[in-house]
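Report on the following structure.
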Amino acid sequence: MSRDNCYYLTTPIYYVNDVPHIGHAYTTLACDVLSRFKRLDGFDVMLLTGTDEHGQKVEKSAQAAGLEPQDFVDKVSQNFRDLADVMGFSNDDFIRTTEAKHARSSQAIWQAIERNGDIYLGSYSGWYSVRDEAFYGEEELTEGDDGKRLAPSGAEVEWVEEPSYFFKLSEWGDRLLKFYEENPDFILPETRRNEVVSFVKSGLRDLSISRTSFKWGIPVPGDDAHIMYVWLDALTNYITAVGYPDTGTEKFEKYWPAIHMVGKDIVRFHAVYWPAFLMSAGVAPPKRVFAHGWWTNEGEKISKSLGNVIDPLQLVERYGLDPVRYFLMREVPFGNDGDFSHRAMVNRINGDLANDLGNLSQRILSMINRNCGAAVPEPGPLTDSDRVFLESARSVINSVRAEMEIQGIHRALEAIWAVIGDANRYVDAQAPWELRKSDPDRMNTVLYVSAEVLRHLGILVQPFMPGSAAKLLDQLGQSDDVRDFSKLGEGGALTPGLALPKPAAVFPRYVEDESPAAAE
RNA sequence: GGCGGAGUAGCUCAGUUGGUUAGAGCACGGGAAUCAUAAUCCCGGUGUCGGCAGUUCGAGUCUGCCCUCCGCUACCA
């Protein structure tokens, strides 16, 4: 069992054959935000991402590129490390399934499953699509223009008949259902859980877990003619990274089991096959599988053939990193599908960021800068409304924490933004610009309270927008060692007299380029 | 076909175990203010809560039927 103050979160490992797109960025971003939150909250966090580098498709792509598979994957896996860099991801490790330790781990889990009597040799035949890495039934196929048979996805299929090892998944149905029953939050959101439960209830078939038709993979222990089926290989990365098969190590014991973040398309692999593999191998199943939704682009489904794939690097270039991070986490209830549009993006940037939070910090800090000698003012006695306002900012961490615990990322942001709304109302109601002449002491108090709330906001916003939050906290004179959640509340309160730098805009407005050239 | 989810203000969505005049944000209209990134604040909705019927003193919230959309899954020609 993992320790209470440890938090292990994984992204799927990304298939190197893909070019990184918004879906990859979105999954890892959510994990990054959750991880940063936990670190600030005092947890020992391990965030894992990486690349899935085996399989027939990779083998063929390498061949087409005139490269050895290893050289090919070395090259393309770099794309995903570059993405992590641009997006500011804070992953603690980047695993690659071509690493030696992963082959050892995968073979070990195979052997453990085998010892448990859940593997047998049989043979598999059927129509197989290399592109989809899936078998199809005869009736699902259509005929293409050239007479070739096509999968529902449009991919070509070929008749494959080969010996294969099977995992006795059919015998795991009841145990899986019992596990879901005893762990109602194992699969989130609930709608995905329902799907999985009904899938398992409908009866499971044994799972083919090896191939002989290609070589680019991890050999089956004791039978080199076979390589391990790509999903068993891929899923095992989650325990490889914490040291499997050495389960007695500190690393394994404190981190495993993990929370797996996945796209809704791969829920079954994570919520059915994977726990079954693990239980068979005598390893604890994951803590949770959270499946998020997909993005559309300006209302349209995203597809390569439509040519409307969203490149996260371009988004960052156009809107800036933190606005993109904020938008992706705020715009859509996490778990639902959502639509990306330029208009919605600009609304979030100018509304939530520039107007609400950006302008709030600017108005508070510039009043302090101009009227309080550029230093944190000395507060006088607090009024009831001061106290209520301060308390709401100090306690919002409780609801934010509760939401983050169940991956309610958008609701966590809503709670923070409610404080921002309160803050703007507070400043308006107290009108420190009038107090400047009528009651300077009271002005000092109001600005102190405002700045103190702003400090809380800066701290809270860090997981979502690390760069912007840092700028804000810099302007409040907060050193790096006073920015974690233990400093929320009265204990970390601003020290009167602390000199503050000249304020500068943290969230600039997005101004549309109105030039004729931009109108295309 | 089966299972599941959804259908609430122009848009995106909240609405605990059925109970006072159904909410938020955005958008839109009016006003105030001028510390601030032309930012902020206040005020403004006669929404058939998909439709019909029912249970109830009372239903967005429960029951039945129907319509539409989505997801998972099965099968047949």
Side-chain angles (χ1 to χ4, degrees), chain A residues 137-140 152 180 187-205 263-269 271-272 291-294 296 298-299 301 320 323 327 330-341 343-372 377 399 403 408 410-411 413-418 420-438 440 443-444 446-447 450-451 454 468 471-472 475 502-511:
Chain A
E138 179 83 41
E139 69 285 349
E140 293 179 271
Y180 303 146
I187 305 164
L188 289 180
E190 205 176 336
T191 172
R192 300 272 100 86
R193 174 191 152 86
N194 292 342
E195 285 175 13
V196 168
V197 169
S198 100
F199 172 75
V200 174
K201 275 186 177 160
S202 73
L204 298 172
R205 279 185 291 196
K264 63 182 185 180
D265 51 324
I266 53 174
V267 173
R268 185 188 305 170
F269 302 99
V272 180
H292 68 246
W294 286 357
T296 52
E298 302 287 349
K301 189 174 173 181
F327 178 87
R330 175 61 189 269
E331 180 68 5
V332 174
F334 194 61
N336 289 11
D337 289 349
D339 181 50
F340 183 92
S341 73
R343 185 185 163 76
M345 181 81 221
V346 172
N347 277 347
R348 289 294 180 189
I349 293 177
N350 290 346
D352 296 4
L353 298 181
N355 296 353
D356 292 348
L357 179 53
N359 184 53
L360 174 71
S361 78
Q362 187 71 3
R363 67 198 300 209
I364 294 169
L365 292 170
S366 63
M367 277 187 280
I368 290 176
N369 186 259
R370 192 132 16 82
N371 304 316
C372 308
S399 45
E403 292 297 353
H410 63 295
R411 285 189 302 266
L413 284 169
E414 278 170 20
I416 296 170
W417 252 254
I420 294 172
D422 289 343
N424 272 315
R425 279 184 284 277
Y426 174 84
V427 173
D428 263 70
Q430 301 299 330
W433 51 92
E434 284 172 6
L435 295 169
R436 185 165 67 103
K437 287 175 182 166
S438 63
M443 176 196 75
N444 284 341
V446 167
L447 290 180
S450 301
L454 197 54
S468 307
K471 271 194 209 167
L472 180 50
Q475 296 190 34
K502 191 174 166 58
V506 178
F507 297 107
R509 294 179 64 76
Y510 182 90
V511 181

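Below, chain A is the first sequence line, B the second, and so on; all start at residue 1.
Using P as the reference atom, A14(B) and A6(B) are 9 Å apart when rounded to the nearest Å. Rounded to whole Å, the P atom of G60(B) lies 16 Å from the corresponding atom of U17(B). Spacing of C1' atoms, C35(B) relative to U40(B), comes out at 10 Å, to the nearest Å. Comparing the same atom, C1', in U8(B) and in C3(B) gives a spacing of 26 Å after rounding to whole Å. Spacing between U46(B) and G23(B) at atom P, rounded to whole Å, works out to 11 Å. Nucleotides U21(B) and C28(B), compared at atom C1', are 24 Å apart to the nearest Å. Going from the P atom of U68(B) to that of A59(B) covers 28 Å, rounded to whole Å. A9(B) and G47(B) have their P atoms separated by 10 Å, given to the nearest Å.
In this structure U55(B) sits in no base pair that meets the Watson-Crick or G-U test at under 3.5 Å. Under the Watson-Crick and G-U wobble criteria, each requiring two contacts below 3.5 Å, nucleotide G71(B) is paired to C3(B). Base pairing analysis places U37(B) opposite nothing; no Watson-Crick or G-U wobble pair with both distances below 3.5 Å involves it. Checking G60(B) for Watson-Crick or G-U wobble geometry (two distances, each under 3.5 Å) identifies no partner in any strand. If you check U20(B) for Watson-Crick or wobble pairing at under 3.5 angstrom, you find it has no partner at all. Base pairing of G44(B) is made with C28(B), judged by Watson-Crick or G-U wobble geometry with both donor-acceptor distances under 3.5 Å.
Looking only at distances, no side-chain donor or acceptor of E331(A) sits under 3.5 Å from a matching main-chain atom of M345(A). When atom types are taken as modelled, the side chain of N359(A) and the backbone of A354(A) share no donor-acceptor pair closer than 3.5 angstrom.
Residues D428(A) and R363(A) are paired through a salt bridge, judged by an N-O separation under 4.0 Å between the basic side chain and the carboxylate. Electrostatic pairing of R192(A) and E195(A) counts as a salt bridge here, judged by a charged N lying under 4.0 Å from a carboxylate O.
The shortest non-hydrogen separation linking P377(A) to C372(A) is CB-SG, 4.0 Å. Heavy-atom minimum distance, L435(A) versus Q430(A): CD1-O, 3.4 Å. Residue G293(A) comes nearest to D337(A) through the heavy atom pair CA-OD1, 3.3 Å, listed as atom of the first residue, atom of the second, then distance. The nearest pair of heavy atoms linking G338(A) to V332(A) is CA-CG2, 3.4 Å. Heavy atoms only, all atoms of each residue included: A451(A) and I364(A) are closest at N-CG2, 4.0 Å.
Classified by interplanar angle (parallel below 30°, tilted 30° to 60°, perpendicular above 60°), the ring pair F334(A)/H292(A) is tilted.
Here the C1' atom of nucleotide C26(B) and the CG atom of D339(A) are 15 Å apart, to the nearest Å.
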Contact string for nucleotides 32-41 of chain B, one letter per nucleotide 5' to 3', B = base within protein heavy-atom range under 4.0 Å, S = sugar-phosphate only, - = neither, reads --SBBB-SBS
Could I get a table of every N or O pair under 3.5 Å where one atom is in the protein and the other is in nucleotides 3-14 of chain B?
residue, atom, partner, partner atom, Å
G4(B), O2', N194(A), ND2, 3.1

